[in-house]
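Here is the structure we will look at.
Within every chain, numbering begins at 1; the chains are lettered A, B, ... in the order of the sequence lines, protein sequences first and strands thereafter. Worth knowing before you read on, the calculation uses all heavy atoms, side chains too, and leaves out hydrogens, waters and symmetry mates.
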There are 2 protein chains.
Amino acid sequence: MSQGKKRKNSGRVTLADVAKLAGVGSMTVSRALRTPDLVSTGLREKIDAAVAQLGYLPNKAAGALASSQSDIIAVILPSLTEFATNEIVLALKGVLEPAGYQLIFTASNYDSQEEEKQVRALLQHSPAALILPGTAHTSQTLKYIENMSLPVVELSALTLTPVHINVGIDHHASAYQLTKFLYMKGYRQIGFIGAHTNFGRFAMRLAGWQKAMIDHDMASHRLVLGLSEVSFSVGAELLMDTLARWPDLDAVICGHSEIAAGLILEANKQGVKIPEQLAIATFEDPNLCNTLQPSLTTVDIPYAEVGREAAEALLQALITGNRDKVVKSLGFRVKTRAST
Amino acid sequence: MSQGKKRKNSGRVTLADVAKLAGVGSMTVSRALRTPDLVSTGLREKIDAAVAQLGYLPNKAAGALASSQSDIIAVILPSLTEFATNEIVLALKGVLEPAGYQLIFTASNYDSQEEEKQVRALLQHSPAALILPGTAHTSQTLKYIENMSLPVVELSALTLTPVHINVGIDHHASAYQLTKFLYMKGYRQIGFIGAHTNFGRFAMRLAGWQKAMIDHDMASHRLVLGLSEVSFSVGAELLMDTLARWPDLDAVICGHSEIAAGLILEANKQGVKIPEQLAIATFEDPNLCNTLQPSLTTVDIPYAEVGREAAEALLQALITGNRDKVVKSLGFRVKTRAST
DNA sequence: AATTGTGCTGATTGCGCTATCAGATAGCCC
DNA sequence: GGGCTATCTGATAGCGCAATCAGCACAATT
């Protein structure tokens, strides 16, 4: 027997096993798998056969270590359960997975401290790129990112100081436009209902509404903020409260479509006529908003496009190594439906 | 100058850098980070300071290679855009991330060939465990899994030949029960509308409906299968077709809640009275089904519980190293709403 | 006082792979 | 035929970390 090795190998099939079976050097196997053109046909076939016979799977951890390159792209989203998330995830996958990247997702729950934790965890996997929400980041987060010097994408919201690539929507403007739209329709007592309003795009929407109200000489004080989570039932609760508080309200903008949906369901129950007694408008989820009765006027936001554009810009940056700042603002439009 | 190294290091801060700054050996740093109790207080503090000063982040690829252990858990889901997915993902994250694991998700789109590709890609990251849909796997998939000898969870559907841990729902029985429920309510001409019916749980539901129809001496031929994707609009299209084809239909079970939703929306438009003219029942998505008017009778399926139970069983297997087969079937119940 | 622990630390080695470079072989030109 | 690419192959070293084990100081035991 040979004198015991200091450490036993993991038992996996390795490059060396394939090389031995094929009767070549392990470097040739490595090449045959990654750059087949550089290997002669004969050897390549022998190697492919050996790979198939052994069911060899490369160990990417070892590869990443040796080449300091990884095919992992880390994605942090604000939440995993929103319409926007779904659209963006599908778009990112659609572009990046065919290009050979593996995506890892986590959620920050609109909390920059939590985001920092996630960044710390994800960067340990040496990802090829990092995708985050286009919101404020902690200074530690920025330091980590700088240390790793990798391509970074900030998504969904536009930011004043982009790290690298920033693809998003001007949420402030979208709320402004929506408010203006209601103004044009003749509404004057326009309220705003939201929650989580200190975070991300919701804060921007609130500000956009306020600005529009002031610019058009309307009173901007009719504001209700739910304290708990965003959900149908919160919307339902808020309806009667709001009406009791401001009986003269003729329209309301909801920061989230879930809340708007809750409002409508409750209005139907209570016999409040939409839009005759109260017009409702909101953002984002066309599927939900079209399902409701009456259907809901929304600002349609092209999240799929946000994801696609971001992924494509990132791919460019990965290929060319170019780290110039890229900022792209995508449009939106008010989609009129029955609720206004 | 020293004679140039054969390869330059990646520029990252490494354990050795931290060690040098703290004036200790790198092995001590490694210990201080992973098993702080084994390091004396003085050194530990010096090391912590050095880590903070340098912003050191461990390289998990290197760690995984050295220890042949990884904190990655690979998850393959049938689809990323379904209610079930959302619930399961949140439940898995809720249990496994606090335990220190990092989840990677991909989708197989109900295609076992695609699943095989995903398994091949994911196993290259040497995950600590693999979570897949509890459906049939290709023989190559099984071979890969066997070679890696890692804990495996099959989720959502029960399988006849579990690889290891299998937590799921008896979808066949759920459809049987739902059909029986309609029978008890007095319906006799019960149809089934679906799509994707050759895959996963939808096939089981179809079979469950058929069995129940036969067992209760009802005619089991009123079946409509949409060819395209599952969506509201497909449901809308199918309604009038179905009614034209089988005017005597008094109830219909939809394999997917999206289709049921489409049916209801279209029925409202066309003036078809639900449930007077046609009762509708379906599965899964309580949020959607409660939002619709009339609300939809469903089989409620506790996907969150599926995810949680699976994650906990997996955690046990990871900790104890136990590879005994575990099969867990979770219950379901018919939730009566206005549509029946 | 000699022995045996006990607690802590660091040198060395190897995980499986790829970068690098040195050979080997074949083809080509003058 | 000798030199010279062009093309292919493999030996070696090292990526950053953790397993292993040896060493060392000091306490406890007899």
Check whether any side-chain heavy atom of [X] sits under 4.5 Å from a side-chain heavy atom of [Y], and report yes or no.
X        : Y        : value
B/Asn322 : B/Gln316 : no
B/Leu150 : B/Leu123 : yes
A/Leu80  : B/Lys93  : yes
B/Val89  : B/Asn86  : no
A/Leu33  : A/Val29  : yes

For [X] and [N], is the shortest distance between a side-chain N/O and OP1 or OP2 below 4.0 Å?
X       : N      : value
A/Thr28 : D/dT9  : no
B/Tyr56 : D/dG16 : no
A/Arg31 : D/dT9  : no
B/Ser30 : D/dA18 : yes

Whole angstrom is fine here: how far is it from [atom1] in [X] over to [atom2] in [N]?
X        : N      : atom1 : atom2 : result
A/His125 : D/dC17 : NE2   : C1'   : 15 Å
A/Leu38  : D/dA6  : CG    : P     : 15 Å
A/Gln124 : D/dC17 : CD    : P     : 10 Å
B/Met27  : C/dC15 : CE    : C1'   : 14 Å
A/Gln69  : C/dT18 : CD    : C1'   : 10 Å
B/Arg12  : D/dC15 : CZ    : P     : 14 Å
A/Leu54  : C/dG16 : CG    : C1'   : 15 Å
B/Lys60  : C/dC15 : NZ    : C1'   : 18 Å

Checklist outcome for this item: Contact check, residues 40-49 of chain B vs DNA chain C, heavy-atom distance under 4.0 Å, returns B/Ser40, B/Leu43
Item to check | Closest-nucleotide ordering on DNA chain C, the 5'-leading residue of A/Ala16 and B/Val29 | outcome: B/Val29
Item to check | Which residue lies more 5' along DNA chain C, comparing A/Asn59 with B/Val39 via nearest heavy atoms | outcome: B/Val39
Next on the checklist: Base, sugar-phosphate or nothing for B/Leu15? Non-hydrogen atoms, less than 4.0 Å.
Outcome noted: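 Counting heavy atoms under 4.0 Å across all strands, the contact made by B/Leu15 is with sugar-phosphate only.
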Item to check | Closest approach of A/Leu54 to B/Asn147 (non-hydrogen atoms, all atoms of both residues) | outcome: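 Residues A/Leu54 and B/Asn147, closest heavy atoms: O-ND2, 3.7 Å.
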Item to check | Given C/dG10, C/dG14, C/dG16, the nucleotide with the shortest approach to the side chain of B/Ala66 | outcome: C/dG14
Item to check | Neighbour count above 12 (heavy atom, 6.0 Å) for B/Lys143 NZ | outcome: yes
